[in-house]
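First up is the structure itself, then whatever we jot down about it.
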Amino acid sequence: MSREFEGVGASPGRVLGRVRRLEWEIPPVPHRTIGPEDVDSELERFEKARKQAIARVIELQAETTDLLGRFEGKVFESQAFMIDDPDLIAGTIAYIRDNFLAAERAFELQVLEYRVRMLDSPHAMVLDRLPDLHDVRLGVLSCLLDRPEPSLEGPEAGPAMILVAQDIAPSLAVRMRPEHVLGVVTASGSRGSHSVLIARSLGIPAVVGVGADLSRIADGAKILVDGHTGRLIIDPTEAEEDGYRRAVVQTVARRKILARLAAEPTETVDGVHTVVQANIEQPFDVEQAIRLGAEGVGLFRSEFLVIGRREIPSEEEQYEAYTAVVEAFPGREVTLRTFDIGGDKFPLFLSMPAEENPYLGWRAIRVCLDLPDLFRNQLRAAVRASAHGDLRLLIPFVTSADELARTRERLAEVYESLDMVESGHRIPVGVMVETPAALETVDLLAPYADFVSLGTNDLTQYVLAADRGHAKVSGIYDPLHPALVRMYRRLAVDCSRHQLDLSVCGELSADPVGVAILLGLGYRKFSVSLSALAEIRELIRHLSVKELEQLCAENTRCESGPEIRSIFEAYFERSGALTVSGTQTAASSD
Ligand code: PEP
Ligand code: MG
C-alpha cells in the first residue's frame, strides 16, 4: 500500500502526529409514520427543533465571534438562512401533513433533496456550503432524536492529534483548539468551505479532498501533513521525519524574514518602485494580506456576500463588510469589485434560466444594471464605506462605454439619495479590462474611468476561445499566448496615453514569469492572490526593469506561450531570481 496520498492544501503549515479518526456521522433516522391525529404535535416538534437549532447556531456565532472575530462569526449566518429556508420548511411540513411521516423522517428527506440540488450546481461556492448543510441536518436531527452532538472536548480528547474525517462541519471546526488538534485531513470538502476558513483563522493546517483513500488511514497511525502542498505521508521514515523538522525550522526562519520584509517597499534592483496589493475573497482574508505585506487590496471579490444566499444582502451588511476591509488598510487603496455574478457563480435569489454559454451570457455588470435593487444596495454601501478610507469601485466584464456611463448614472442617484451631491466626495470608478472589446476601446472608456485593472483570467478565455475551467482545452488556455502578450503591451501604452492608473489582478500577477513580462511592458502595480503574494514581492526585489524591458523588446516574435516562458525562465536562472522565488514558494504561506 502506498504511504503517500495527495489532497488539496487548504490551510498552510506542516505537522507530524498521530491520527484520530472522527466519525461525524448523521444519526440513523428510522422510517416512522404517524396517525392523522398526531400531525399537529409532529408539526410542533419540528418547529421546536428548528428553533432549538437556530438558538444553537446563534450561540455558535457568538462564541466564534468572541474567539476569532466578527467575520468568522458570520460563517454561521448561512446555516441560519438554511434552517429558515422557506422551501425546506414547506417541504418538511408537506411530508408530515400529506405523507404522515414523523418530523425527523420528513426533515431528513427534505434535506436530502436540498443536498441533491446543491450537488447539481456547477458553482464551487454553492458546493462549498455542503458542510454547512451537514451541520444544519445534524443540528435539527439531534434535537428531534434527542441525541447529544459529537464533541471534540471531553475525556476522549487526549493528546494533540491529527483529525481525519469524511468532512468537518463548521460547528466542529470552531471547537478545534490548536493545543488538541494539530491538523485536519478530510476525504471531501473544498478550499472555500467555512470549516477551512475557520481552520486557517485558528492556524491549524488542513488538507481536504483526499478522496476514498482516506479510509485506509488507521486510527493512531503516524502521519505527516503538509497543508501547503496537500501531501500526506503515513508512517514516515526517519529521513522523512528529519526532512519535516528541517522544513519547520526553515519555515520559522522564513516567517521572521517575511515579517521584516512586510514593512518594506517592493522595489526592483534598479530602483523602480512597484505596488503589490492583495486579491481577497472575504473580509477575514485581510489579516493574512497585511501579514504578507500587501499594500492595499487590488481586487476584493464581493461575491462572497451573495453566493448561496436566498436574499439580496442588506446595505447594512455590505457596509459593515466593506468598512472592515477599508479600515484595515488606512491610507491604502481598497478596490471593491461590484458583484461578478453569472458565468460560474450564481446566488440562489436569482432564478436564472439555464444558459447555453454562461460565460457569454447574463453576467456581472449586465446583471447589476438589470437589477437596480441589487446594484443600488451595493453602490450605497460602497459609497458610505468610502468615507472610512480609500475605497475604489471596479466594474467587471465591461464591453462598452455605455455600461460605464449607466454605472455612473446609478452612482449619481446614490450620491443624491445620500445627500452627497454638494460634498463633492466621489468614489473612483475603474474598469476591468477582461474582454477584447474593453481592451480595444480604452480611448472610449477613458472618459468614464479613473483606473484600469487587467483581468487576465477572463481575457485569456475570451481571446483564445478556450473556457477557463475546461480541462480538455487547458493547454490552449495560456495567458502568455503571443496574442495576449501583445494586448498587454498595447494596454499599457493606451493607459499611459489616457493617464489611467493601471494594475493587473488576474492570476498572471501570481506567476513569476507573468510578472517579469508585465514589468518589462511597463506595468508597476500588481494585485496578487494571497498564496503567491510574498513570493511575488520578493521576486520583484530581485529583478531589473531595465533588463526585462530589453528582454521584452528583443522577443516580440515569439510564436508561443511556452517559448516566451522558457526565455524568461532562462533569464531567471542567469540572474538568480528563480532560485529566490523557487525556495520561498514552498514556505511562503506556511
Ligand atoms: C480575471 O478575470 O482576471 C479576474 C481577476 O476575475 P475573476 O477571476 O474573478 O473572473
Ligand atoms: Mg474575471
Side-chain angles (χ1 to χ4, degrees), residues 122-126 128 191-192 276-282 285 289 294 296-307 333-347 355 357-368 378 392-399 403-404 430-439 445 451-470 474 477-481 483-485 487-488 491-492 495 502-511 514-515 517-518 523 525-533 536 561:
H123 312 304
M125 285 183 182
V126 174
D128 286 344
R191 280 199 96 241
V276 181
Q277 302 177 322
N279 285 357
I280 65 166
E281 318 243 324
Q282 303 260 3
D285 287 335
V297 174
L299 174 64
F300 178 8
R301 291 183 164 100
S302 57
E303 297 83 66
F304 78 97
L305 280 159
V306 287
I307 301 302
E333 287 167 356
V334 170
T335 312
L336 174 74
R337 182 175 71 183
T338 55
F339 296 134
D340 186 0
I341 48 187
D344 62 346
K345 312 170 256 204
F346 276 107
E355 293 191 53
N357 290 301
Y359 275 120
L360 302 179
W362 198 45
R363 180 178 170 191
I365 189 61
R366 300 175 184 175
V367 176
C368 288
Q378 183 167 44
R392 319 190 303 168
L393 267 190
L394 180 61
I395 314 300
F397 201 50
V398 168
T399 53
E403 286 158 345
L404 287 182
V431 56
M432 227 172 140
V433 168
E434 57 180 346
T435 65
L439 196 127
L445 303 177
F451 66 96
V452 163
S453 185
L454 169 63
T456 55
N457 308 343
D458 275 313
L459 188 64
T460 302
Q461 78 167 343
Y462 295 127
V463 169
L464 300 181
D467 187 328
R468 60 193 266 186
H470 195 318
S474 61
Y477 180 95
D478 182 357
L480 293 183
H481 185 288
L484 284 147
V485 175
M487 287 175 151
Y488 306 151
L491 183 65
C495 286
L502 171 63
S503 60
V504 192
C505 65
E507 282 306 306
L508 194 62
S509 63
D511 172 354
V515 169
I517 293 177
L518 291 166
Y523 290 70
K525 209 178 200 180
F526 304 91
S527 190
V528 184
S529 48
L530 295 178
S531 57
L533 203 137
I536 293 301

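All ligand and atom numbering here is 1-based and tracks the order in the structure.
- Using modelled atom types, one finds no donor on one side chain facing an acceptor on the other under 3.5 Å when comparing D285 with Q282.
- Those atoms of ligand 1 with a heavy atom of M432 less than 4.0 angstrom away are 1 (C), 4 (C), 5 (C), 6 (O).
- The shortest heavy-atom contact between L491 and L502 is CD2-CD1, 3.9 Å.
- Every atom of ligand 1 with a heavy atom of G506 under 4.0 Å away is listed here by number and element: 3 (O), 5 (C).
- Side-chain contact check for S302 and Q378: at least one donor-acceptor pair (N or O, by modelled atom type) lies under 3.5 Å.
- Residue R363 touches ligand 1 through its side chain alone, judged by heavy-atom distances below 4.0 Å.
- When the Mg ion (ligand 2) is compared with the N/O/S atoms of D458, atom OD2 turns out nearest.
- In this structure, K525 pairs ionically with E333, as a charged nitrogen and a carboxylate oxygen lie closer than 4.0 Å.
- Looking at M487 and L454, their side chains never come closer than 4.5 Å, going by heavy atoms from C-beta outward.
- Of all the atoms in ligand 1, the ones that sit under 4.0 Å from a non-hydrogen atom of R468 are 2 (O), 7 (P), 8 (O), 10 (O).
- The closest approach of E434 to the Mg ion (ligand 2), by N/O/S atoms, is made by OE1.
- Between R363 and D458, the shortest heavy-atom distance links the atoms NH2-OD2, 2.8 Å.
- The nearest non-hydrogen atom to atom 7 (P) of ligand 1, considering only E434, R337, E507, comes from R337.
- Counting heavy atoms closer than 4.0 Å to ligand 1, residue L299 contributes side-chain atoms (C-beta onward) but none from N, CA, C or O.
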